[in-house]
Amino acid sequence: MKVLSVQKNSKNCIICGMENTLGLQAVFHVLDDNSVASVFSFKNEHQSYPERTHGGMISSLLDEIMGRALWINEPTTYGVTTTLSVTFRKPVPIDVKVKARGYVTFDSKIGFSAKGEIYSLDGVLLAEAQAKYLKMSSTRAFGDNFHEDDQMCYHPKMIFTQIDFPDKKN
């Protein structure tokens, strides 16, 4: 799929925070099939069993990428997770590049549902998730003191022009 743009990153998020040295510092690309994708490596700090990524980090990445799928069409609306279900298919390695994508499967005025997947670079499905989210403005989600430009202040450069995935599973 062709990469159309790159989404903003935050300062401190465990997944996208560019100042969080323990985080993934993942960059999220908007694809031409209306999904969001990232290519990244989990770090040693994200380990569970030897050479394997902790399920909590896998779940966090999937939650982040699914929530970001909403920003393709509603860039100022935040998805607040209400349910998250993750299926772990194969061990996700640390210090090995993998790719993930998220996409909206249902959208309404007050909420949306999404699916997310993590694959090896050669296309093996490692983990997948589905989730439901409530839609909220930044003020409702974070209060009056939240200033998006202070928090979502990084504008990463486009790393890829193409990131391919199997057909979506709706």
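A 6.0 Å sphere centred on CD of E51 holds no more than 12 heavy atoms belonging to other residues, nucleotides or ligands. Remark: D167 CG is loosely packed, at most 12 non-hydrogen atoms of other residues, nucleotides or ligands lying under 6.0 Å away.
Atoms CD and OG, from E64 and S59 in turn, are 13.0 Å apart once rounded to the nearest 0.5 Å. Note that the CG atom of N34 and the CD1 atom of I72 stand 4.5 Å from one another [nearest 0.5 Å]. Taken from CD in E128 to OH in Y119, the straight-line distance is 7.0 Å, to the nearest 0.5 Å. One distance of note links CZ of F88 with CZ of R52; it measures 12.5 Å at 0.5 Å rounding. Between the OG atom of S35 and the CE atom of M66 there is a distance of 13.5 Å, given to the nearest 0.5 Å. For the atom pair CZ of F42 and OG of S60, the computed distance is 8.5 Å after rounding to the nearest 0.5 Å.
In terms of modelled atom types and a separation under 3.5 Å, the side chain of T82 and the main chain of K132 share a donor-acceptor contact. No donor-acceptor pair closer than 3.5 Å links the side chain of W71 to the backbone N or O of T76. Not one N or O on the side chain of D32 forms a donor-acceptor pair closer than 3.5 Å with the backbone of M1. Side-chain N or O atoms of K135 include one that pairs as donor or acceptor with a backbone N or O of S108 at under 3.5 Å. Side chain of K157 to backbone of V6: no donor-acceptor contact under 3.5 angstrom is found. In terms of modelled atom types and a separation under 3.5 Å, the side chain of Q7 and the main chain of R68 share a donor-acceptor contact. In this structure, N9 contributes its side chain and A26 its backbone to a donor-acceptor pair below 3.5 Å. Of the possible donor and acceptor atoms, one in the side chain of K43 sits under 3.5 Å from a partner among the backbone N and O of T21. Although no hydrogens or angles enter the test, the distance criterion places a donor-acceptor pair under 3.5 Å between the side chain of T53 and the main chain of P93.
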Walk me through whether I118 and I58 qualify under side-chain contact (heavy atoms from CB on, under 4.5 Å).
CA-CA 8 Å; I118 299 175; I58 294 166; 3.8 Å; yes
Starting from the C-alpha separation in whole Å, work towards a yes-or-no answer on side-chain contact (heavy atoms from CB on, under 4.5 Å) for D33 and R101.
CA-CA 11 Å; D33 71 343; R101 83 163 156 195; 4.0 Å; yes
Working note: H46 + L24, criterion side-chain contact (heavy atoms from CB on, under 4.5 Å); need CA distance, chi angles, decisive distance, verdict.
CA-CA 9 Å; H46 307 140; L24 278 179; 3.6 Å; yes
Under the side-chain contact (heavy atoms from CB on, under 4.5 Å) rule, what do Y103 and E117 come out as? Steps first, then yes or no, please.
CA-CA 9 Å; Y103 52 92; E117 303 147 348; 3.1 Å; yes
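F112 and Y133 have parallel rings, their planes meeting at less than 30° on a 0 to 90° scale where 60° marks the start of perpendicular.
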